[in-house]
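Note that the numbering runs from 1 along the sequence shown for the chain.
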Amino acid sequence: MSLLRFRCSILLLVAVALTGQQKEYKAKEEKIPGDPVKQPIAYSHKVHVAQGMKCMNCHTIPGEGFLAAYPKETMCMGCHSTIKKESPEIQKLAAFAGRKEAVPWARVYRVPDIVWFNHSVHVKQAKAECTVCHGDVGQREVLFQEKSTSMQSCMACHAAQGAPNGCDVCHASQ
Ligand code: HEC
Ligand code: HEC
Ligand code: HEC
Ligand code: HEC
Ligand code: HEC
């Protein structure tokens, strides 16, 4: 099927479904690439991935698989109780760890609560690489939004890979 026909069928699907819906779908505005997201500690993916660390060493996908978790501060301190401990950024990290407090990392990707998104289904079942949805994170000093999380982008990949696209697939409560 051509790309154009994919696009048309998606638009048609949305249009048909919307005539029966109370709430009108309005695509969210996205700026891609987004601005660098300011973080409470100057953490660099590039530096750590260059050390040979894998995405899943830090971002485990526990339980039912919705979340790609953030690493625990004690895990960071496994290295940083000795590596660069004189650095002001590491001292900030050590202070959070000492207080047993999670670092309040600012979010880069976020879908609204009405959307059902599960990491395990995509990473473990569909074998989608992190880069498909998050860009080349391992090369970044600072993260910013690189890929769309709009409804259209989800549905386009579902159409291309033969995954279901009914409204209730992603909006279970509707
Ligand atoms: C496997 C060991 C290891 C782990 C685990 C680790 N780091 Fe690092 N980190 C390093 C190394 C090596 C460097 C580079 C040090 C250098 O520049 O010489 C570094 C550098 C840094 C720096 C820059 C420090 C500076 O002033 O140059 C920060 C901030 C940092 N890490 C934060 C973290 C955070 C937050 C975590 C947990 C999410 C973490 N690190 C986990 C090894 C580690
Ligand atoms: C040493 C631990 C560590 C490793 C390894 C690591 N990350 Fe991270 N990741 C973090 C920390 C800490 C943050 C929060 C700070 C930030 O956004 O830069 C984060 C944030 C992210 C975010 C933003 C989440 C959001 O939406 O707010 C994504 C996406 C991400 N990582 C993907 C990856 C991918 C893909 C890899 C492998 C290429 C990877 N990470 C490797 C520690 C790690
Ligand atoms: C099919 C697209 C897709 C793939 C593949 C994917 N992610 Fe995500 N990721 C998302 C979306 C969408 C969000 C926002 C989820 C939300 O708001 O609930 C997100 C959020 C995150 C977050 C923030 C915490 C969270 O779960 O909400 C981290 C960290 C993250 N992803 C890391 C990764 C890593 C590491 C990989 C590869 C192992 C990966 N992602 C693969 C789409 C994806
Ligand atoms: C890389 C292509 C790709 C992208 C991008 C993608 N998906 Fe998927 N998704 C799939 C595939 C393939 C499946 C089918 C997995 C299976 O059943 O093995 C799937 C399945 C699902 C399911 C069904 C889960 C279940 O329990 O059966 C939901 C819900 C879902 N995706 C939501 C989303 C949302 C929301 C987004 C956008 C934020 C998104 N997907 C982006 C490829 C993708
Ligand atoms: C593959 C996943 C997926 C499917 C299938 C899907 N949506 Fe969505 N939908 C999303 C995502 C992701 C968002 C949030 C991002 C956005 O607004 O673009 C969203 C947002 C919405 C919103 C806006 C909600 C708000 O509060 O802003 C409405 C309404 C909506 N979808 C209706 C539908 C209808 C009707 C269908 C069936 C034709 C459908 N969706 C199918 C993923 C999906």
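Taken to the nearest 0.5 Å, the CD1 atom of I83 stands 7.0 Å off from the CD atom of Q51. Once rounded to the nearest 0.5 Å, the distance linking CD of E89 with OG of S44 reads 11.5 Å. Here NZ of K147 is found 8.5 Å from SG of C133. Values are rounded to the nearest 0.5 Å. Summarising the geometry, atom OG belonging to S153 is positioned 9.5 Å from atom NE2 belonging to H158; distances are rounded to the nearest 0.5 Å. Considering SG of C167 and NE2 of H171, their distance stands at 7.0 Å, rounded to 0.5 Å. In this structure, CZ on F144 lies 10.0 Å from NZ on K31, to the nearest 0.5 angstrom.
Under the 4.5 Å side-chain heavy-atom criterion for ILVMFWY residues, no single connected hydrophobic cluster contains both L93 and M75. Cluster membership check: V49 does not share its hydrophobic cluster with Y43, using side-chain heavy-atom separations under 4.5 Å among Ile, Leu, Val, Met, Phe, Trp and Tyr.
For K85, the NZ atom counts as loosely surrounded, since its 6.0 Å shell holds 12 or fewer non-hydrogen atoms of other residues, nucleotides or ligands. Heavy atoms of other residues, nucleotides or ligands lying less than 6.0 angstrom from CD of E86 number more than 12.
With contacts defined as side-chain heavy-atom distances shorter than 4.5 Å, the pair W105/I41 qualifies. When side chains are defined from C-beta on, Q145 counts as touching E30, because their heavy atoms get closer than 4.5 Å. When side chains are defined from C-beta on, Y70 does not count as touching C58, because their heavy atoms never get closer than 4.5 Å. No side-chain heavy atom of C170 sits less than 4.5 Å from a side-chain heavy atom of F117. Annotation: side chain of V108 is in contact with side chain of L143 (closest heavy-atom distance under 4.5 Å).
Using the six-membered ring where Trp is involved, H45 and H59 have ring planes that are parallel, under 30° apart on the 30 and 60° scheme.
Under the 3.5 Å distance criterion, the side-chain polar atoms of T82 are matched with a main-chain donor or acceptor of C79. T60 places no side-chain N or O within 3.5 Å of a backbone atom of P62 that could act as its donor or acceptor partner.
Using a cut-off of 4.0 Å between Lys/Arg side-chain N and Asp/Glu carboxylate O, E146 and R140 are scored as salt-bridged.
Applying the side-chain hydrogen bond (donor to acceptor under 3.5 Å, both in side chains) test to every pair with at least one member in residues 110-133, sequence neighbours left out, gives no pairs at all.
V37 and A106 make their closest contact through CG1-CB, 3.7 Å (heavy atoms, listed as atom of the first residue, atom of the second, distance). Shortest non-hydrogen contact noted between M77 and A97 is CG-CB, 3.6 Å. Taking all atoms of both residues into account, the shortest heavy-atom contact from N165 to A159 is ND2-N, 3.6 Å. Shortest non-hydrogen contact noted between P40 and V103 is CG-CG1, 3.6 Å. Residues A68 and I61 come closest through the heavy atom pair CA-CG1, 4.3 Å.
Cation-pi geometry between R107 and Y109 is not met: the NZ or CZ atom fails to fall both under 6.0 Å from the ring centre and inside 45° of the normal.
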